[in-house]
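First up is the structure itself, then whatever we jot down about it.
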Amino acid sequence: MTTHTNELTLKQDAFIKAYLLNGGNATQAAIKAGYSEKTAYSIGQENLSKPVIQNHIKAHQQQAHIDFIWSKTKKLVALQTIIDKAMTDHQEKGMLNAQAAIAAIKAHNEMQGDNAPIETNNILKVSATLAERLTAGSKR
């Protein structure tokens, strides 16, 4: 089968998908794509060296990143809408749904990393040990 520079064979396409799904293991991707187990390592390395395969892998990774960012953005917008609606004042009831607002704010903060632990440094510098300070006082 002859291919143009941007076209993939069925096995190459299967290799790329398996490579992306298996955390970047070229040997396992080659096996799952239907290549022989005996030649899987060399085929995997050979496939990764081909510009057309590299370009397809990069394109898939970039699209996955865009989809992740878009998905996170949509979730943050939805949470903000919930917060806004839940915190709307009602003449008789006050806040419509305090629990929903609190839960949405908590989820929003977690997605933004606002609840991450803050690194602290509790190291104290001591100029003299306790024994040195006690004995120095008795020498006077």
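Keep in mind the model is a prediction, meaning the values are calculated, not measured.
- In this structure, the side chains of Thr27 and Ile43 stay at 4.5 Å or more apart for every pair of heavy atoms.
- Partners of Lys17 under the salt bridge (charged side-chain N to carboxylate O under 4.0 Å, His left out) rule, at least two apart in sequence or in another chain, are Asp13.
- The aromatic rings of His60 and His56 sit tilted relative to each other, their planes meeting at an angle between 30° and 60°.
- Residues Ala18 and Lys32 approach most closely at CB-CB, 4.0 Å, considering heavy atoms.
- Of all heavy-atom pairs between Ala30 and Phe15, the closest is N-CD1, 3.6 Å.
- Under the 3.5 Å distance criterion, the side-chain polar atoms of Asn22 are left unmatched by any main-chain donor or acceptor of Asn25.
- Taking CD from Glu46 and CD1 from Ile53, the interatomic distance works out to 8.0 Å, rounded to the nearest 0.5 Å.
- In this structure, CG in Leu20 is found 12.5 Å from CD in Gln63, a value given to the nearest 0.5 Å.
- Counting only heavy atoms from C-beta outward, the side chains of Tyr19 and Leu48 approach each other to under 4.5 Å.
- Here the shortest heavy-atom pairing between Glu7 and Gln12 reads O-OE1, 4.3 Å.
- The list of side-chain hydrogen bond (donor to acceptor under 3.5 Å, both in side chains) pairs with a residue in residues 34-43, not counting sequence neighbours, is empty.
- Here the CG-CG distance, from Asn55 to Leu8, works out to 10.0 Å after rounding to the nearest 0.5 Å.
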